[in-house]
Chemist: 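This is the structure I have questions about; it appears just below.
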Protein chains: 2
Amino acid sequence: MTIYDISKKAGVSIATVSRVLNGSDKVRPATRKKVMDIIEKYDYTPNAFARGMGLHSVQTIGILCADSSDLFLAKAVYYLEQELQSNGYESLLCCTGYNLDIKKNYLNLILSKKVDGIILVGSNFIGTNEEENQYIKDVSAQVPIMLLNASFDYPNVYSTLCDDYTSMFEATVSMLDAGIEDILYLYNSNSYSGVKKLGGFRAAMEAHSVPDYEKRILFYEGDPQQMDDVANYLERLSKKKLSFHGVIASEDPLAIGAMKYARRQGLCVPEDLSVIGYNNSMLTTCCTPELTSVDNRLETQTHQLVQTLLGVLQGEEMPKKSIFSGKLIKRGTTLF
Amino acid sequence: MTIYDISKKAGVSIATVSRVLNGSDKVRPATRKKVMDIIEKYDYTPNAFARGMGLHSVQTIGILCADSSDLFLAKAVYYLEQELQSNGYESLLCCTGYNLDIKKNYLNLILSKKVDGIILVGSNFIGTNEEENQYIKDVSAQVPIMLLNASFDYPNVYSTLCDDYTSMFEATVSMLDAGIEDILYLYNSNSYSGVKKLGGFRAAMEAHSVPDYEKRILFYEGDPQQMDDVANYLERLSKKKLSFHGVIASEDPLAIGAMKYARRQGLCVPEDLSVIGYNNSMLTTCCTPELTSVDNRLETQTHQLVQTLLGVLQGEEMPKKSIFSGKLIKRGTTLF
DNA sequence: GTGAAAGCGCTAACAT
DNA sequence: ATGTTAGCGCTTTCAC
């Protein structure tokens with residue numbers, strides 16, 4: 001069923017059908033109804049490809065994320081999808097994995113679909129050196145690039161993020177103020193936000209003149225979602241006489257791993273060990289005691305990101321960078 | 001930059017460029033190289049819309065799921081995406097929400113993109129009466145429909161699922177055999193698999209001649225992910241003198257809610273209350289004790305689904321229905 | 001207000 | 001092995 005079939009059945013030209021389809025006001029109501037009836041009767045839907053060819057925009061946004069099964073990313077994608085949808089945009093999702101070359105390919109692939117803009121979800125799309133980020137510069141020449149939870153200063157690139165540095169700084173200070181100085185910092189990513197968080201932690205330790213804190217900063221290599229493995233890792237560590245009475249993790253699952261470790265060691269949380277997670281995911285309320293965690297206001301972020309994008313697409317001047325402060329949600333794994 | 005520009009610069013016809021682009025073997029290597037060089041030099045990417053118009057297939061599969069932030073669905077989507085990708089297919093994801101009309105719209109929308117097949121993730125796409133499922137019949141006339149975790153017998157509709165009936169039957173029997181008869185069955189969906197699970201539970205109760213079990217079958221109306229609310233719900237219930245020493249839930253979060261309830265009441269899990277969840281999600285290892293749960297072999301399912309789809313697309317005759325048995329993963333919330 | 005006709009960029013059948 | 005050309009289904013001038 002094509003526009004020709006419909007026009008024939010309705011006794012009008014294809015131009016008129018097209019006008020009805022696109023809501024032009026230059027169609028007599030009677031004609032419109034006649035055409036609409038046929039369209040509905042035959043359940044006709046215009047071919048998106050043919051349509052996209054003529055059109056400049058097809059009201060579609062490309063969303064790239066490394067792993068849609070990650071709790072944080074999945075939620076972000078969901079919010080974005082909903083927000084875009086309610087603004088009349090469709091979204092095209094690609095899960096790229098964490099490999100740089102594959103990410104590049106996907107970016108080009110999604111670009112060839114004539115998307116109006118691209119959202120990169122998660123800070124893992126931004127590398128630390130210029131060369132790594134070249135592919136973003138290239139693409140930004142064609143469509144606006146929106147970064148969620150990352151920042152990159154370049155024309156036509158817009159960033160929306162949580163102030164992870166300050167959030168982590170404050171979370172750390174809370175723990176220090178509670179008298180815990182031997183804090184283990186557990187992280188698993190050197191992404192943009194990963195670096196910021198670590199920076200915040202270090203700054204807090206410096207500000208409190210904690211001696212020798214670097215030895216308690218640990219990069220966890222494995223899959224953080226395997227919380228038992230995280231616990232194993234910490235057990236091995238404690239045998240090496242590295243003592244700690246607090247754990248701050250860059251992600252909730254790592255924090256849960258620390259809680260598992262504590263349980264195995266017969267340590268009480270929070271009396272013997274305080275734990276703070278990050279992301280305020282649903283995991284925080286699954287464990288006992290419930291996990292104190294930093295909320296990075298994901299929903300606020302996604303909302304703002306889409307608003308900025310819509311503005312940009314309408315040619316308005318929009319802020320290049322929107323930063324929201326995070327918030328420590330105090331639950332049962334901390335005494336303060 | 002179009003195929004015409006490239007052909008001009010390379011001094012060949014557009015047909016030759018097209019052949020190079022599509023990897024035809026009827027191009028002399030020298031010609032191919034000449035064209036490729038130009039393509040790379042100008043960083044040319046063919047227009048996907050123009051391409052899609054000519055082509056019959058664009059190697060794209062539409063994936064519909066109600067809510068990509070649901071732990072189970074997110075994981076399913078992820079596996080599917082990876083599997084399709086490694087077989088040379090792209091995927092187009094839409095999150096539809098749970099409203100029937102919106103789901104229908106999305107189906108049509110995704111169809112208009114000329115996808116080669118459509119995967120409906122989660123049993124909430126299949127209703128209990130014929131009329132609800134009409135939209136699936138309509139679409140199946142055009143492309144194969146793959147159902148994950150649901151079943152619907154109709155031409156060109158293929159189902160891949162876990163034998164939820166038997167899995168739930170066996171899980172229930174395990175608990176009954178352990179001497180617990182007053183089991184609370186907590187569920188929140190009357191979807192295809194929801195109905196199967198409940199059926200399995202009932203059958204087990206019948207088989208053990210448990211009296212009066214219907215009064216302990218409870219439909220939870222709220223959002224199961226809000227586990228505190230689930231606990232509240234159960235507290236209200238226990239005040240109404242409904243006693244139970246076991247909880248079987250149709251989803252892990254509901255089971256976690258039950259564990260929260262137990263803790264508030266000062267009940268020990270599993271000594272005073274046994275709990276079984278469903279889906280074997282990552283939540284099962286977040287709580288204490290860890291949650292016994294039914295594993296529905298999601299990865300096996302998604303693998304099989306994609307294999308079946310690929311077969312169908314190649315015109316092979318494939319099984320209309322693939323059923324895998326689930327498995328009870330015993331952890332700390334049960335004594336058996 | 002409506003129709004005729006010229007593209008949009010590509011694929012594929014056909015011709016050479 | 002390569003070129004020519006007719007569509008694919010739609011949008012959008014430009015006439016009427």
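Letters go in sequence order (proteins before strands), and every chain restarts at 1. Note that these values count all heavy atoms, side chains included, but never hydrogens, waters or copies made by symmetry.
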Chemist: Taking atom C1' of C/dG3 as reference, at what distance in whole Å does atom NZ of A/Lys34 sit?
Modeler: 13 Å
Chemist: What integer distance in Å separates B/Leu111:CG from D/dG9:C1'?
Modeler: 16 Å
Chemist: Step through the shown structure and confirm whether more than 12 heavy atoms of other residues, nucleotides or ligands are within 6.0 Å of CD on A/Glu131.
Modeler: no
Chemist: Calculate, to the nearest 0.5 Å, the distance between atoms NZ and OG1 belonging to B/Lys320 and B/Thr160 respectively.
Modeler: 11.5 Å
Chemist: Roughly how far apart are B/Gln307 CD and B/Glu83 CD, rounded to 0.5 Å?
Modeler: 6.0 Å
Chemist: Could you run down nucleotides 10-16 of chain C 5' to 3' and tag each one B, S or - for protein heavy-atom contact under 4.0 Å?
Modeler: BBBB---
Chemist: Please tell me if A/Ser13 has a side-chain N or O lying less than 4.0 Å from either OP1 or OP2 of C/dT2.
Modeler: no
Chemist: Nearest whole Å is fine: how far is D/dC16 P from A/Lys26 NZ?
Modeler: 18 Å
Chemist: For B/Arg32 and D/dA1, what is the distance between atoms CZ and C1' respectively, to the nearest whole Å?
Modeler: 11 Å
Chemist: Using only side-chain N and O atoms of B/Thr31, determine if any of them is under 4.0 Å from OP1 or OP2 of D/dA1.
Modeler: no
Chemist: Using atom CD1 of A/Ile6 as one end and atom C1' of D/dG9 as the other, report the distance to the nearest whole Å.
Modeler: 12 Å
Chemist: Under the 6.0 Å and 45° cation-pi test, does A/Lys9 pair with A/Tyr42?
Modeler: yes
Chemist: Go through B/Leu161 and B/Leu147 one step at a time and tell me if the side chain to side chain contact (heavy atoms under 4.5 Å, CB included) criterion holds.
Modeler: CA-CA 8 Å; B/Leu161 60 160; B/Leu147 265 29; over 6 Å; no
Chemist: For a quick check under 3.5 Å, do A/Ser86 and A/Gln82 share a side-chain donor-acceptor pair by atom type?
Modeler: no
